[in-house]
Amino acid sequence: MTKRPRIPLNSALVIGGILTALLIVTALVSLVWTPEVPTRVRVAMRLKGPGEVGILGTDHFGRDVASLLMVGAWNSLAIAWPAVLLGAAIGTAIGCAAAAWKGLADEIAMRVSDVVFAFPAVLSAIMIGALLGSGPLAAILAIAVFNIPVFARVTRGVALQVWTLDYIAAARAIGKHPLRITWEDVLPNIAGALIVQVTIQLALAILTEAGLSYLGLGVRPPNPSWGRMLSDAQTYLSQAPHLAIAPGIAIALSVLGLNLLGDGLRDALDPTLKGRGATA
Amino acid sequence: MTKRLLTAALLLSVSALPAFAAKTSLVVGMPIEPPGLDPTIAAPVAIREVTWANLYEGLVRIDRAGKVQPLLAKSWEVAPDGLTYTFRLQEGVKFHDGSAFDSADVKFAFDRARDPKSTNAQKQIFAPIASIETPDPATVVIKLKETSGNFLYYLGWGDAVIVAPETAASNAANPVGTGPFKFKSWTRGDRVELAKNPDYWQKDKVKLESVTFRFISDAQAQVAALKAGDVDAFPNLGAPELFAEFQKDARFKAVAGNTEGETVAGLNSAKKPFDDVRVRRALMHAVDRKALIEGAYSGFGQPIGSFFSPNNPAFVDTTNVIPYDVEKAKALLKEAGYGNGLSITIKSPQMAYASRSAELLSAMMAEVGVDLKIIPTEFPAKWIEEVFKNKDYDVTIVSHTEPLDIDIFARDSYYFNYKNEKFKALVAEAAKTTDEKARFAKYAEAQRILAEDVPALFLFQLPKLGVWNAKVQGLWENSPIPSNDVTEVSWSE
């Protein structure tokens, strides 16, 4: 009798977890406190370096960069989370259905996924922006749409494996409805894979949101966003490099953190990987 | 031994030559590529910036001080009633295709421009014309229906250049004019090349053998091209924040001049709450123009209080009519019934000066209790559709770059939805007044009316940030008319 396995810690999991926690805590703190009002313009204090005014200096309008970054973290998550969850919910439903019914339904679902997958998030954001007007809603929808086929495929893949297991075959034999099988037996079995995918997609979503805001398709000014901070900083690069470095590092660390967390979780949760102490 | 001596002699003779012969080619950078090369059929400023005074010439020209000077017309007389203009033309002038220029070309060019089917962007120039007569090849007599105080000035614009009947139809792709340079080639998306016109009628004035216009939209690429020497001059640098480093660099001349672009935040006067002049004035009081210019344009650009270019001799400074005054702004808003706040939107196009100004305006409005939400829009297509045509907006922001365009506030269907009969009559009268002093007085009065009535928030004159190689001489520091006139440009040795 072996001990019930706990989630084994690995360095990716630890570092990723810490970085991600930092991102979330920063975002939450920004809701109640920032060093300065982030939208406050102080033209007399523009383009000050880190330490001169505020810990990270000021931007071209004299706004406090540290405060902008903090609120930017919240805005980034506020778009990335709902977008990924929406995409995951729809994608998982499609993937589960495809795995449960197979045949024509499966074929159609997957081919449609392929088509949607062919559109990069930026392109769908431009199209959705043209329809609804660009803004946070368009960004969320665009990133969600981009996530649907990702989750549909992942879900279908792992769900198909689960459907081949003996006890599922038994459940089918006693006439359990496919919907109930999916809900009670399949989903709990694939949850680990989905959680891993969510973290990885979150990293991608943060990157995409930054890209969209960089292009002026995301969070609306004057509401701060990392992507727009980067695009604003571009022409000031020789005068005030900190304006590009600060949001650049923020984006890089957040994406790195979520990716490490995803990798770490996959290693920890995937029982097929050797040497992880899974029960045989 | 002899070989070595020879080499030494050769080296000596080479070093005895002047280090550099003066260059005779010039590469001018422009942010926007023109859609065609005929300024008489379309509005874009970029067309004039390549062609005006370089490829095409008008009867008169506008000089770098904004004054009217003779060009293809060597002199003219205006009848005492102000209705008949008699132009004496330069003789011996040839178009680039070798055909002679004479009065018939003038008649053709103007009749073509004022034809109902013409797409000329400034038809008001030709609207007062009753008839054009050509008593002999060197004389043109233009009769007007009504006096036009700005008629000669308008004839200096790109819209009124003289084109020949044989080539007019193909000028957009293969321009033929009478100017100091001939069209050589156009690589779309990259450059337009011009070569010196060997038969130019004032060829002694022209120093350059060739001119290339290169189109580079990205501000950082513009700077890189200047520094690498790929471009000799950028008369209109895209990013003001990159301009400062050129000011410190002795290899370059960096000149901040004025354009004809009044940057204004248009208010939709037909819509609540902008139909109340107190609200419009309050919003104007809330704007710190100096801070705005500092933040949006790195401090370059002259504050304006009305809709008139400081380049124009009739300009009056009206920035003190409604100065920056937060308390007054709040008081006026309270009086108008918005003491508890006001929520409005601004449609802001993507140009850096516009979107930055919008962000700053939003912050300034917040100080007086006005919530100004920014709605990004795209210029020109989306902005023209939403704001200009459908007038679906509260506040918007754009720079109006046509010279002498104060009459847009007198147009009924213009996007400001501004209606002021007194102003309308005054501007119409000014346009008809031929006496310069009287005309300027009327324009001054018109400027004051706008400054007090605030149909738009008058912000700043878009500066012309020119950067060029310190050895290049003769480029314009201001642009009283959209142009890159290189006729008299030369390299110092």
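Every chain is numbered from 1 and lettered A, B, ... according to where its sequence line falls, protein lines coming before strand lines. Worth knowing before you read on, the calculation uses all heavy atoms, side chains too, and leaves out hydrogens, waters and symmetry mates.
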Residue selection (most heavy-atom pairs with chain B, distance under 4.5 Å) from A/Ala240, A/Pro222, A/Pro221: A/Pro221
Segment of B/Ala291 engaging chain A (4.5 angstrom heavy-atom cut-off): both
Measuring from atom CD of A/Gln234 to atom CG of B/Leu242, what distance do you get when rounded to the nearest 0.5 angstrom? 10.0 Å
Counting heavy atoms not belonging to B/Asn340, are there more than 12 under 6.0 Å from its CG? no
Determine whether A/Val43 and B/Asp288 make a side-chain contact, defined as any pair of heavy atoms from C-beta on separated by less than 4.5 Å. no
Got a sec: does the NZ of B/Lys373 have more than 12 other heavy atoms crowding it under 6.0 Å? no
Turns out that what part of B/Gln350 lies under 4.5 Å from chain A's heavy atoms comes down to neither
Quick one: closest heavy-atom pair of B/Arg356 and A/Tyr236, and the distance? NH1-OH, 3.5 Å
Taking CD1 in B/Ile32 as the centre, count heavy atoms belonging to other residues, nucleotides or ligands within less than 6.0 Å. Is the count above 12? no
Is it the case that more than 12 heavy atoms not belonging to A/Phe119 sit under 6.0 Å from its CZ atom? no
Are there over 12 heavy-atom neighbours, none belonging to B/Lys382, within less than 6.0 Å of that residue's NZ? yes
Compare all side-chain heavy atoms of B/Glu241 with those of A/Gln239 and state whether any distance is below 4.5 angstrom. yes
Need one label for A/Thr235: side chain, backbone, both or neither, based on atoms under 4.5 Å from any heavy atom in chain B. both
Taking side chain as C-beta onward, heavy atoms only, is B/Gln220 less than 4.5 Å from A/Leu237? yes
Please say whether more than 12 non-hydrogen atoms of neighbouring residues, nucleotides or ligands are located less than 6.0 Å from CH2 in A/Trp74. no
Is B/Glu294 reaching over with its side chain to a backbone N or O of A/Ala44, donor-acceptor style, under 3.5 angstrom? no
State, with a plain yes or no, whether a side-chain heavy atom of A/Arg46 is found less than 4.5 Å away from one of B/Ser298. yes
Could you walk me through whether A/Arg63 and B/Glu359 pass the salt bridge (charged side-chain N to carboxylate O under 4.0 Å, His left out) check? CA-CA 11 Å; A/Arg63 294 177 298 200; B/Glu359 274 196 67; 2.7 Å; yes
